[in-house]
Amino acid sequence: MNNLFVYCEVENGKVADVSLELLTKGRSLAQQLGCQLEAVLVGYQLDSLAQSLFEYGADVVHVADDKRLYPYLTLPHTAIVNALIKQEQPQIALMGATTIGRDLGPRVSSALHSGLTADCTSLEIGDHADTKGNEYKNLLYQIRPAFGGNIIATIVNPECRPQMATVREGVMKKEALPAPKKGIIKKADVAKILNDTDFVVKIIDRQIEERKIDIKNAGIIVSGGYGMGSKENFALLHELAAVLGGEVGASRAAVDAGLAEHERQVGQTGVTVRPKLYIACGISGQIQHTAGMDQSAMVIAINNDPNAPINQLADYAITGDVCEVVNKLIKYYKKNSK
Ligand SMILES: Cc1cc2nc3c(=O)[nH]c(=O)nc-3n(C[C@H](O)[C@H](O)[C@H](O)COP(=O)(O)OP(=O)(O)OC[C@H]3O[C@@H](n4cnc5c(N)ncnc54)[C@H](O)[C@@H]3O)c2cc1C
C-alpha cells in the first residue's frame, strides 16, 4: 500500500508546529490505511530535526540536506518534493497552509497533475461511489468550508495521485508518542535532483516579523465581538484577560470595526484556537467564527440575545448586557484571585 507523505516545514531551526500537527493526524490516517507515515524534511543541518520526527510517529524520514536548501526557495524545494513523490508514489501528501505550503503545494500538485484541496479543516478516510457506479475504497476525505463558509464540503480525488491537501496551523492537535518510533532516515540524492536553473531566484534580504500577539497557545481566551460596541468597551476584555491570565481574541466583525487587531481574529480566516476556557463576549456565533474555537474545552457565552447561536455551543450561557457582566467578572476575580 502506498504511503502517506507529510512535508515538514523548517522554521527558525525548528520543525513548524503545523507539520507536527499533520504528522499526528497522519499517524491515525496511516494506521487506518495500513500504510507507513513518511516525513519529508528539506533544508540544512537536519540530523537532530529528522530524529525528532520519530517522536511524532514517522516510520520514514526523507531528508534532503544541503546548504542551498535553507532558507526555503520555491524552485529547489519543488524539485526535491516532486522527485521524492515520483520516486515513492505516496497515495497522500499533506502540508501546512502556511506561506511556504501555499507556495509549494500548488506548484507540486500542478507539476504532478494531482489537484489539491487548500485549507482543510478535517481529514478522514472513507469510500466513494460516483454517478457512473464506480466505487472507490479508502479515499482521503478533504473536508473544508465552501461557498463563503455556508456549507462544509467533503472533497475527494478518486483518480489522481497523490491526494494532496493543506491544513492551517492549529486546526489539528499536536501530540508526541510516549516513546519515539524506531524509524529509518532516507537521504535524498540532492545533487542529482537539483539543477542550476533551480537557483535563478536569489534571496537578497530576508526579514521575518515576530508575532507580537499569539493567541494560539493561550489557555484562556476572552474574545470580543461586534456586540462590544466600542473600543472603550473592548478594553474591558483586556482587563478581564489580564486578571484571568489569558489573552484577548476577537470576531471578524470586531476586527473589521477596528475594535481589535487582525492577529486576534478567531475563525475560518483567522486563528484556530483550542484553549481550556473561551469566553465569547458579544459574539453571535456564526459558523465562520465557531470553526476556529469549537474545540475549546469550555465555552462561556455572554450575549443579550438568549437565542444567539453561540449559546448552542456554550457550556454556560449568560444572558445580559456584556459590559455589565464583564465588569462584574473583573470585580469578582480581582477580589478573589491571588
Ligand atoms: C468567507 C468568510 C470568512 C469569515 N471568517 C471569519 C472569521 O475567521 N472569524 C469570524 O469571527 N468571522 C468570520 N466571518 C464573518 C462571520 O460570518 C460573522 O459575520 C462574524 O463572525 C460576526 O461577528 P460577531 O458575532 O462579532 O457580530 P454579530 O454577528 O453582529 O453579533 C454580535 C452579537 O453581539 C450581541 N450583542 C449586541 N449588543 C450586545 C450587548 N450590549 N450585550 C451582549 N450582547 C450583545 C448580539 O446579540 C449578537 O449576537 C467570515 C465570513 C465570511 C463570509
Side-chain angles (χ1 to χ4, degrees), residues 18 96-99 102 117-122 143-153 155 166-172 211 213-216 218 221-241 246-275 278-296 299-331:
V18 67
T98 57
T99 309
R102 286 183 169 135
T117 305
D119 290 6
C120 291
T121 50
S122 180
I143 301 164
R144 55 153 296 152
F147 296 109
N150 291 315
I151 63 157
I152 300 293
I155 296 161
T166 65
V167 176
R168 283 179 36 222
E169 186 183 349
V171 170
M172 286 164 186
R211 275 190 217 173
I213 299 163
D214 184 12
I215 60 168
K216 199 195 130 207
I221 297 177
V222 180
S223 203
Y226 192 67
M228 292 308 298
S230 68
K231 263 198 161 170
E232 292 69 37
N233 292 345
F234 206 91
L236 289 173
L237 305 184
H238 285 273
E239 208 176 332
L240 180 59
E247 258 296 351
V248 173
S251 72
R252 178 155 139 182
V255 171
D256 288 348
L259 304 183
E261 302 91 329
H262 180 253
E263 291 92 321
R264 299 193 186 279
Q265 184 179 314
V266 173
Q268 188 189 320
T269 44
V271 184
T272 302
V273 295
R274 48 177 85 233
Y278 190 89
I279 309 180
C281 307
I283 294 178
S284 56
Q286 301 304 314
I287 187 170
Q288 295 89 354
H289 184 80
T290 56
M293 47 67 71
D294 60 3
Q295 298 297 312
S296 305
V299 176
I300 299 176
I302 308 169
N303 203 301
N304 61 7
D305 175 4
N307 299 316
I310 191 80
N311 290 350
Q312 283 169 23
L313 185 124
D315 298 279
Y316 298 96
I318 302 173
T319 303
D321 177 71
V322 70
C323 294
E324 218 174 279
V325 177
V326 170
N327 267 318
K328 280 189 182 160
L329 289 175
I330 294 168
K331 219 166 156 189

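One-based numbering, in listed order, for ligands and for the atoms of each. Basis for what follows: all heavy atoms, side chains included, without hydrogens, waters or symmetry-related copies. These numbers were taken from a predicted model, which means no experiment stands behind them.
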For atom 16 (C) of ligand 1, what's the nearest protein heavy-atom neighbour? Residue, atom name and distance, please.
Gln288 OE1, 3.6 Å

Heavy atoms, side chains only, cut-off 4.5 Å: are Met293 and Val299 in contact?
yes

pair His289-Val266: side-chain heavy atoms closer than 4.5 Å
yes

Report yes if some heavy atom in the side chain of Ile283 is under 4.5 Å from a heavy atom in the side chain of Ser223; otherwise report no.
yes

Looking only at heavy atoms of Cys323, does any of them come nearer than 4.0 Å to an atom of ligand 1?
no

I need the Ile213 CD1 to Gln265 CD distance, nearest 0.5 Å.
12.5 Å

Which of these, Met293, Gln265, Arg252, Gln286, has its nearest heavy atom closest to atom 2 (C) of ligand 1?
Arg252

Taking distance alone, with N or O pairs closer than 3.5 Å, would you say Gly282 contacts ligand 1?
yes

Judging by distance only, is a nitrogen or oxygen of Tyr226 under 3.5 angstrom from one on ligand 1?
yes

Out of Glu247, Glu263, Glu169, which residue meets the side chain to side chain contact (heavy atoms under 4.5 Å, CB included) rule with Lys216?
Glu169

Below 3.5 Å, N or O to N or O, backbone or side chain included: is there any such pair between Ala250 and ligand 1?
no

More than 12 heavy atoms of other residues, nucleotides or ligands under 6.0 Å from CD of Glu261: is that the case?
yes

Among all protein non-hydrogen atoms, which one is nearest to atom 24 (P) of ligand 1, and what is the separation to 0.1 Å?
Ser251 OG, 3.5 Å

At a non-hydrogen distance cut-off of under 4.0 Å, which region of Val266 contacts ligand 1 (side chain, backbone, both, or neither)?
backbone

